[in-house]
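Below, chains carry the letters A, B, ... as their sequence lines are ordered, and counting in each starts from 1.
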2 protein chains.
Amino acid sequence: MADQDTHVVLARLLRLRDRREPLVAQIAEWVGAGIIEGRLAAGQDLNSVDLSRRFDTSRTPVREALMVLEQEGLVEMKARRRPRVAAPSLQDIRDIYQVRRRLLSMLAALLVERATDDEIAELRGRVEKMRGLADEGDVDAYFWGHVQLQERMTEIVGNATLKQILDSLALRTLMLRHLSLTRPGRLAYSVDDQERLMQACEERDGELASALIAGATVRALRSVEEQIQEQEAGRKPSRRRRTPPT
Amino acid sequence: MADQDTHVVLARLLRLRDRREPLVAQIAEWVGAGIIEGRLAAGQDLNSVDLSRRFDTSRTPVREALMVLEQEGLVEMKARRRPRVAAPSLQDIRDIYQVRRRLLSMLAALLVERATDDEIAELRGRVEKMRGLADEGDVDAYFWGHVQLQERMTEIVGNATLKQILDSLALRTLMLRHLSLTRPGRLAYSVDDQERLMQACEERDGELASALIAGATVRALRSVEEQIQEQEAGRKPSRRRRTPPT
DNA sequence: AAGTGCGATAGTGTCGACACCGTTGTGTCC
DNA sequence: GGACACAACGGTGTCGACACTATCGCACTT
């Protein structure tokens, strides 16, 4: 997927269209994409002076953009302290996935209940495209395809509150999922999960769909946990933790 | 409950402590409380000039406070348009309650699983106090007691993400619940629900606790729906949407 | 008389400046 | 040499000003 598309999807997830000035949107997209792609490391300072210089604006729109990202959990702000890229603890991540699992299973049940056959066929089409991307090993494209698939599902279900919360949780896990999907074999598992889910939807089996999506979420969390443990292990030689946990 | 306590609880729900400057917090509390108490009507304009004059500050902290309230769904902001008190549609309200029901039932299950006996006893104590308030017909005090009860439950469960989302959903329904609890008999039903929930917790019956809290949520929605329909009916004689000012 | 275009008004978004505070590097004392 | 105080720096929060635009009233048209 091209970079522009990335920004379009991000703009939707951040609900920037019409809600924010283009200038603010641009900054929020750039920083948000940077966090998700790993260009900006977790815990890194995001001082508004540097950012305003980079975008050749004053600090006002920068502050606003950072507040947008804060509310999506990508940035942490404390009064009078420099904003930082969010660094969720392992416990935070588990909590997020636990809620996400519950809401995704709600989503699946509602999807089976409310989606028309045409809409399910459309989703199936998306999953097939994702299968192609997975086979090619195009992690990035698969990654964003996954995001858009969930986005479409929430649209079909038509519960705005549910959509907003799931979008927000998705953003929080995006940087993690980006890592976790890179793990060998993970991509294939993921696409298998999606295909099983589609089948359950086609058979209008809400219970099964719920269970499948919950299972897939649990597996995603496992994958993220393993990834983090490997990172921890790899970082261990460097000894001291310069920044103590908040 | 005294007004100061209201503001303390609101400050917690809005996560203002340490996250925002006191000035911003003060404004957000005042406006937020105004919305919940009905002093500020749904759909009403909230222009930042008036507010900045009222608090004798510039518009910058006012804008920030309004953004805080926007993220909690109490205020609607569109670029270049005046911020307004949120006016959720009936469908929005149903969506919110649907998600809330699902997450509260998750909360109840986790509560049964994780709370110590002491903590459950503490919750029981709170409910008993609420029974007293309900008998006295002190709607406001009961109202905030209810909010604090849920707040405490989410704390005990210890899932920060779940707490944050439930707090936000609670805020969105607060103005509605304020109305709905005023309905005759509603208070007694509500306290009965809470007592049954406590009993299920004491018996460590997670399934039952989940079902009870879900049922209570459905009843709360019903009550809100009735209230809204009555309001609609009462407004119908005036017919035209046109506002006749002079 | 209702609809349309235009100007006045009021409110938003952004800016650069300034005061205050957190951070960091340095010097001092033991 | 290490702990502490302190000063210089860097960054945040707030302000008042200004440009831009949504909104509203008003004259004009049909």
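With rounding to whole Å, B:Arg20 atom CZ is found 19 Å from C:dC21 atom P. Taking atom NZ of residue A:Lys78 and atom P of nucleotide C:dG22, one finds them 12 Å apart after rounding to whole Å. Distance, A:Leu46 CG to D:dT12 P: 10 Å, rounded to whole Å. At whole-Å resolution of the value, CG in A:Asp45 and C1' in C:dT24 are 13 Å apart. Atom CE in B:Met67 sits roughly 14 Å away from atom C1' in C:dT14 (whole-Å rounding). Look at CZ on A:Arg80: it is 11 Å from P on D:dT12, rounded to the nearest Å. The CZ-P distance, from A:Arg84 to C:dG22, rounds to 16 Å in whole Å. As a whole-Å value, the separation of A:Leu51 CG from D:dT12 C1' is 13 Å.
Taking only side-chain nitrogens and oxygens, B:Thr60 never comes nearer than 4.0 Å to OP1 or OP2 of D:dT14. In terms of phosphate contacts, A:Arg81 brings no side-chain nitrogen or oxygen within less than 4.0 Å of OP1 or OP2 of C:dC21. Contact between the side-chain N/O atoms of A:Ser48 and the OP1/OP2 oxygens of D:dT12 is found at a separation under 4.0 Å.
For B:Glu64, the listed nucleotide lying nearest its side chain is D:dT14; candidates were C:dT24, D:dT14, C:dC15. With distances taken from any side-chain atom of B:Arg59 to the nucleotides D:dT14, D:dA17, C:dG11, the minimum falls on D:dA17. Comparing D:dT12, C:dT14, C:dT12 against the side chain of A:Val49 picks out D:dT12 as the nearest. Side-chain atoms of A:Leu23 lie closest to C:dT14 of the nucleotides D:dC15, D:dG11, C:dT14.
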### Query
Between A:Leu149 and A:Arg152, does a side chain to side chain contact (heavy atoms under 4.5 Å, CB included) hold up when you go through it step by step?
CA-CA 5 Å; A:Leu149 178 69; A:Arg152 188 78 187 92; 5.6 Å; no
### Task
Using the side chain to side chain donor-acceptor pair (under 3.5 Å) rule, take A:Arg172 and A:Ser168 through it: C-alpha gap first, then chi angles, then the decisive distance, then the call.
CA-CA 6 Å; A:Arg172 279 164 221 237; A:Ser168 182; 3.2 Å; yes
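Between the side chains of A:Arg100 and B:Thr161, no donor-acceptor pair is found at a separation under 3.5 Å. A:Thr217 and A:Arg101 are not linked by any side-chain donor-acceptor pair at a separation below 3.5 angstrom, with hydrogens and angles left out of the test.
Residue B:Asp50 is the one, among A:Arg82 and B:Asp50, whose nearest nucleotide of DNA chain C lies closer to the 5' end (criterion: closest heavy atom).
A salt bridge is absent between A:Asp50 and A:Arg54; no separation between the charged side-chain nitrogens and carboxylate oxygens falls under 4.0 Å.
The residue A:Pro22 sits apart from the nucleic acid: no heavy atom pair falls under 4.0 Å.
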